[in-house]
Structures are given as C-alpha cells and as structure tokens.
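Since we're looking at a predicted model, the values are computed, not measured. Only this structure's heavy atoms are used, side chains among them; waters, hydrogens and symmetry mates stay out.
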Amino acid sequence: MKTHLQHLIAQALQQLRQDGVLTDIALSSIPLERARDRMHGDYASTIALTLAKTARRKPRELAEQIRSTLPASEKIAKVEIAGPGFINFFLTPTAYQAIVGEILQRGDGFGRSALGSGRRVQVEFVSANPTGPLHVGHGRGAAFGATIANLLEAIGHQVHREYYVNDAGRQMNILTASLWLRYLEHCGEKFPFPSNGYRGQYLRDIAARLYAEQGGAYIVSAQQIFRDLPQDEIHDEAGNVVTGGDKEAYIDALVERAQALLGDQRYRFLFELGLKAILEDIRDDLQEFGVVYDEWYSERTLAKCGAVDKTLYRLREAGYVYEREGALWFRSSAFGDEKDRVVQRENGQTTYFASDIAYHLEKFERGFDRVIDVWGADHHGYIPRVKAALQALGENPDRLEVLLVQFAILYRHGERAPMSTRSGEFVTLRELRQEVGNAAARFFYVMRKSEQHLDFDLDLAKSQSKDNPVYYIQYAHARVCSVLKQLRDKGLSRDENRGQAHLARLTEPHEESLLIALSRYPEMVEMSALNHEPHQLAHYLRELANAFHTYYNEHRVLVDDDALRDARLNLSLATRQVIKNGLALLGVSAPEAM
C-alpha cells in the first residue's frame with residue numbers, strides 16, 4: 001500500500017515537472033508515513049514541505065497542486081491537505097481488503113522486497129572465544145545477529161553470515177594450560193587450581209576423554225609444574241584465600257611452564273584438542289538454536305597468510321605507527337580515539353587489536369558494501385579505534401557499522417544467575433534452550449532494543465498464557481489451523497475465489513482492525529531491517545495476534561453463510577501466513593497445534 005501511494009505521488013511530481021511547476025529534483029525516497037490518528041487519514045506525506053523551498057511556493061499551495069495532479073486510484077477514498085502542507089490519504093475499504101488476496105497469493109514471499117537488491121552485506125555475530133560453552137549472554141547476540149541477517153535478506157540484500165573464531169592468543173593458551181591441569185587432576189595429582197584458569201565442568205569432561213584415549217602420556221608432577229612460579233593466592237589450612245598475588249603474571253608463567261614441560265608437539269596437541277571440542281560444541285549449540293553461518297573465519301589464518309604483518313606495514317608506511325619502549329603503537333588519537341594503542345608488544349607478539357584491524361581490512365577486501373559487527377555493549381570503547389585504523393588504511397569507516405548488544409540477565413525463581421566463563425559458574429545457552437525451548441529463547445532475546453538490558457524471566461517464558469508473548473502469537477497461528485480442522489470435521493470446504501469475491505462483507509470493526517494490521521506487515525519488515533530493530537517486528541506480531549484473538553472471540557468464522565464464511569476464512573488464513581512469515585524472520589516456529 002505504501003509503495004502504491006508513493007508511486008502515485010511520484011507520478012504527480014513528474015507531471016508537475018512537465019508543467020514547469022517543479023524543476024528536476026533528485027529524491028532518494030518520498031516521505032510517507034502511517035497517520036497516528038485515523039481521523040487524519042491512513043497515510044500522511046510531508047513531500048510538499050520538503051520541496052516547497054526549491055519550488056519557491058508555500059508548502060500548502062504546493063500540496064494542493066500535488067493533490068490535484070494525483071492520478072485516480074480506487075484505493076483512495078479522498079485526499080486532504082492539513083496544517084502547513086501535510087497531504088493526508090484516506091483509503092477505501094477495498095484497499096485494505098485487497099491485501100488478503102496479495103498475502104494468499106505471495107505466501108511465504110509476502111513482506112519481502114528488493115529494496116536492498118545488489119548490495120552485499122556481511123554480518124558477523126557471536127564470535128565468542130572458544131574457551132567454553134556459550135552462555136545465556138551469548139545467546140542474545142546470536143538471536144539478534146541472526147534476525148538482523150534474516151531481515152536484511154528479506155529486503156533484498158545478499159547477506160554473508162560469519163563467525164570470527166578467536167583461535168590464537170593468550171586466552172587459548174590459558175585454556176590449554178587449564179585443560180592440562182584438569183587432566184593431571186584426573187590422573188591423581190593434587191594442587192590448587194589457578195584462580196585465573198578456566199574451571200568449568202566442560203574441561204573436566206574433555207580431560208576425562210583425553211585420559212581415556214591417551215592414558216598417562218601427558219603426566220608431569222605438580223612439583224615440577226608449580227616450582228618457583230609467581231604467587232597466585234595464599235590459602236589457609238581450611239582452603240580460604242588469605243591474600244592474593246599477581247594472578248595475571250601467575251597464569252602467564254604457568255602457560256610458559258606448560259609449554260616448556262610438554263614440548264611443542266604435545267602442547268599443540270592439547271591446544272587443538274581443547275579448541276576442537278569446544279568449537280564443535282558451539283557449532284552444534286548454535287545450529288540447534290537455528291543459527292547457521294556461511295563461514296567460520298579463523299583468526300590464525302590472518303597470521304598464516306601474512307595479513308597482520310601486511311596491515312602493520314601499511315600503517316607504518318602511512319606514518320601512523322611508531323615505536324615506544326620497545327612496542328609498536330598505532331596513532332589512533334589522531335582520529336579521535338582517547339589514546340594511542342599498542343599493536344605489537346615488546347616481545348614481538350602482535351595484539352588482539354592488530355588482528356582485528358587486519359580482519360576488518362580483509363572484510364572490505366572481500367568486496368562487501370557494508371560490514372555489520374554485533375558486539376557486546378562492553379566493547380563500546382573499541383569502536384572508535386577500529387574505525388580509526390580503517391580510516392588510516394584509506395578505507396571508509398562508515399562502511400563498518402557496529403551494533404551493540406547488552407547481555408541478558410537470567411532470573412530463575414527470582415534470583416539472578418551468574419555467567420562467568422572462567423569460574424565455570426554459568427548457565428549455558430543449551431541449558432536455557434532445554435528449559436524454555438528455542439522459540440521462547442529466540443523471541444525473548446529480541447523483545448527489547450539490543451542496547452537495553454534484558455531481564456530474562458524464565459517463569460514467563462515457560463508459561464502458557466497471553467502474558468507470554470511468544471505463546472500468545474504461536475497460539476494465534478495454531479487457532480487458524482484449528483479452524484481449518486473444524487471445517488473439515490464439519491464436512492465443509494473453502495472456496496478461495498468465492499471468499500476473495502466477497503471480502504467487501506468484512507465490515508465488522510474487528511475485521512477492519514485486522515485488515516489494517518495485516519497491511520502494516522511489509523512496512524514493519526522494512527523498518528525493522530533498515531533500523532536494525534527486530535523488537536519492532538516482535539511487538540507488531542504480538543499486536544497482530546491480539547487483533548486476531550479479539551476478532552476470533554467476538555465473531556464466528558464458520559458461519560452458515562457460505563460467502564461470508566469463505567471471506568472470513570481467507571482473512572484468517574492471511575493472518576496465519578503473516579504470523580508465520582514474521583516468526584520465521586525471528587527464527588521462531590509456527591506450530592499448527594498447541
């Protein structure tokens with residue numbers, strides 16, 4: 001409907017150009033929005049206010065000229081000029097009734113468009129370090145990122161979904177050392193586990209498998225391992241922490257000791273074993289959650305292909321890298337960052353930041369028109385330095401858009417659950433999915449703006465009531481399926497053409513409200529995609545479900561009048577189709593029975 005009205009306005013503008021009223025004006029789009037109050041029409045356009053200065057006419061005068069030049073349309077009942085020059089469109093009932101046939105004809109394709117046709121977009125999301133299972137905080141980034149990709153695809157973009165695997169660097173070395181210590185514990189060695197090691201049960205499970213396959217091949221006495229290491233924590237006889245040492249220096253020294261005692265070959269075996277086991281778990285978890293990627297991009301490939309060294313060389317040649325105290329620094333302050341950043345440490349090792357610069361440069365070199373990163377909100381300060389590096393490399397930093405996601409806070413029985421990966425005290429995404437189901441998890445994760453904190457109420461997510469939005473929406477879909485079953489049980493059939501021919505009989509206020517709600521769906525998909533706001537679609541689906549439930553509770557669908565029955569069945573089936581389409585974009589199932 002919106003597209004139809006914009007096309008009519010465009011035709012009117014073209015005629016005014018031919019009449020000499022307007023000069024050739026390049027408009028990227030014609031402003032047209034739903035009217036907030038239907039007393040003022042169904043749609044309103046500010047096009048006259050936009051063009052008045054160029055046309056050298058008063059906005060209201062230009063609005064009158066546009067109105068008088070509009071082509072006739074059976075979908076428009078009347079057009080009024082209001083205020084300083086708003087053009088208000090009042091639609092005919094036929095305009096809304098026609099949406100039913102369009103929905104039934106296009107089916108799963110209804111709501112999709114070619115708005116972004118020809119544009120390649122990469123969406124990188126989750127990208128959690130493969131140091132443990134995904135927790136419920138990661139789940140929100142997964143649901144949000146996957147839905148953003150779905151929405152962009154729905155409006156015609158060519159979308160590439162990517163997971164960046166941080167399989168190099170310090171955290172992976174800490175994981176390897178932690179796995180080895182859990183293995184030694186399994187072999188009977190006794191020692192205080194490092195406070196900054198990874199402690200989760202998942203490492204004990206991997207260590208047990210390692211012992212079952214390799215026996216004692218990796219045993220080294222605890223005395224050899226911990227001799228002369230920096231102080232971690234001092235414990236009393238009861239095991240309580242009395243005082244702490246330099247935990248970071250301790251864990252780094254422990255990693256070096258592990259590398260020295262195991263040797264390169266055995267250490268690399270443990271490194272790859274831990275990485276593979278955890279990464280496979282992450283892949284399976286996300287796939288079961290309905291999140292599938294086109295590519296899993298390994299950080300180590302950047303070093304292997306020389307991308308990091310090439311990037312640092314380009315920054316140095318451009319004059320944005322300098323040496324200080326044995327380290328290499330990037331002049332990010334020259335681009336608005338609060339301070340310069342280290343890209344290579346004194347020991348010659350490049351930093352995570354250096355890898356991230358190389359990775360984003362490589363993204364642009366792959367030819368994406370836009371690159372979208374979904375990051376945790378705690379990485380907000382990281383954005384200006386990455387954009388600064390891209391600008392220093394001669395790239396347009398505006399092609400990178402970073403969407404921030406606040407971690408979800410899970411509440412079980414009114415109590416907040418911890419989510420620390422190292423301590424091992426966290427609720428995994430898999431546990432959440434098993435408890436509330438994929439549908440509730442996917443929906444609840446995108447119910448609010450991604451930058452807002454999300455309190456995930458397990459009790460609400462599992463309830464079967466209208467207060468649970470995903471249940472309420474799914475139930476509307478199942479209700480229509482139930483109506484079709486009742487139709488068959490009564491020995492009746494539906495004539496779609498007859499129903500379409502008698503849509504004019506859908507004159508009840510609840511029917512009109514439902515028709516208007518259905519007509520809003522394509523606009524909602526477009527708005528949610530362009531603004532990167534899946535919560536708008538989630539809220540719309542709840543409103544649509546409410547409109548249908550209200551209608552269903554007030555009016556019989558399977559009436560004796562064949563024509564009216566078929567018209568109401570068509571309306572119900574159109575509602576079912578839109579709910580199904582919208583839920584699919586959110587990654588939520590549309591069950592036929594509940």
Side-chain angles (χ1 to χ4, degrees), residues 128-135 163 165-230 232-233 239 247-288 296-301 303-304 349 420-426 428-431:
N129 288 345
T131 53
L134 299 177
H135 58 58
Y163 189 115
V165 182
N166 297 103
D167 53 3
R170 183 168 179 264
Q171 295 306 319
M172 289 305 303
N173 286 325
I174 294 174
L175 175 77
T176 304
S178 301
L179 172 59
W180 184 43
L181 294 180
R182 288 303 188 200
Y183 164 81
L184 293 177
E185 285 180 339
H186 193 81
C187 296
E189 293 290 325
K190 304 294 183 183
F191 47 83
F193 199 85
S195 56
N196 271 17
Y198 288 98
R199 300 184 172 195
Q201 178 60 40
Y202 61 94
L203 277 185
R204 289 189 173 94
D205 296 338
I206 299 172
R209 295 201 300 270
L210 173 64
Y211 182 78
E213 295 173 2
Q214 301 290 333
Y218 298 88
I219 294 179
V220 175
S221 70
Q223 185 178 4
Q224 285 181 279
I225 299 169
F226 295 97
R227 183 191 300 125
D228 303 325
L229 287 183
D232 181 28
E233 292 178 340
K247 299 178 182 180
E248 296 299 327
Y250 177 80
I251 195 68
D252 288 340
L254 184 58
V255 168
E256 291 181 9
R257 185 65 54 84
Q259 292 170 333
L261 293 175
L262 286 168
D264 184 65
Q265 184 175 351
R266 291 198 301 169
Y267 182 84
R268 296 310 303 177
F269 178 84
L270 291 180
F271 184 103
E272 296 294 341
L273 176 68
L275 171 64
K276 180 181 178 183
I278 293 173
L279 197 55
E280 284 181 352
D281 178 74
I282 291 174
R283 286 177 187 263
D284 292 343
D285 199 4
L286 289 172
Q287 188 167 0
E288 290 170 6
W296 293 70
Y297 192 101
S298 167
E299 179 186 355
R300 287 187 288 179
T301 62
K304 289 179 181 178
Q349 290 186 343
S420 170
T421 309
R422 281 201 190 178
S423 70
E425 298 174 357
F426 60 88
T428 67
L429 174 61
R430 180 172 281 106
E431 289 170 335

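- Rounded to the nearest 0.5 Å, atoms CD (Glu213) and OH (Tyr211) are 13.0 Å apart.
- Residues that satisfy the ring pair (Phe, Tyr, Trp, His ring centres under 6.0 Å) test with Tyr250, not counting sequence neighbours, are absent from this structure.
- For residues 180-193, the salt bridge (charged side-chain N to carboxylate O under 4.0 Å, His left out) pairs, not counting sequence neighbours, are Arg182-Glu185.
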Listed pairs under 3.5 Å, donor-acceptor, residues 253-268 side chains, sequence neighbours left out:
{"residue": "Arg257", "atom": "NH1", "partner": "Gln224", "partner atom": "O", "Å": "3.2"}
{"residue": "Arg257", "atom": "NH1", "partner": "Ile225", "partner atom": "O", "Å": "2.8"}
{"residue": "Arg257", "atom": "NH1", "partner": "Arg227", "partner atom": "O", "Å": "2.9"}
{"residue": "Arg257", "atom": "NH2", "partner": "Arg227", "partner atom": "O", "Å": "3.1"}
{"residue": "Arg266", "atom": "NE", "partner": "Leu262", "partner atom": "O", "Å": "3.1"}
{"residue": "Arg266", "atom": "NH1", "partner": "Ala217", "partner atom": "O", "Å": "2.5"}
{"residue": "Arg266", "atom": "NH2", "partner": "Leu261", "partner atom": "O", "Å": "3.4"}
{"residue": "Tyr267", "atom": "OH", "partner": "Asn173", "partner atom": "OD1", "Å": "2.8"}

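- The line from CG of Leu203 to OG of Ser178 is 6.0 Å long, rounded to the nearest 0.5 Å.
- Side-chain contact between Leu270 and Leu210 is present, with heavy atoms from C-beta onward closer than 4.5 Å.
- The only option from Asp281, Thr428, Ile278, Leu286 that meets the side chain to side chain contact (heavy atoms under 4.5 Å, CB included) definition with Leu134 turns out to be Leu286.
- Two residues are said to be in side-chain contact when any heavy atoms from C-beta on lie closer than 4.5 Å; Gln214 and Leu273 fail this criterion.
- A salt bridge does not link Asp284 with Arg430: every distance from a Lys NZ or Arg NE/NH1/NH2 to an Asp or Glu carboxylate oxygen is 4.0 Å or more.
- The shortest distance between side-chain heavy atoms of Asp285 and Pro133 does not fall below 4.5 Å.
- Between the side chain of Tyr183 and the backbone N or O of Tyr218, at least one donor-acceptor pair lies under 3.5 Å.
- Here the side chains of Met172 and Pro130 are in contact, with some heavy-atom distance below 4.5 Å.
- Atom CD of Glu288 is surrounded by more than 12 heavy atoms from other residues, nucleotides or ligands within 6.0 Å.
- Taking 4.5 Å as the limit, some side-chain heavy atom of Ile282 sits within range of a side-chain heavy atom of Trp296.
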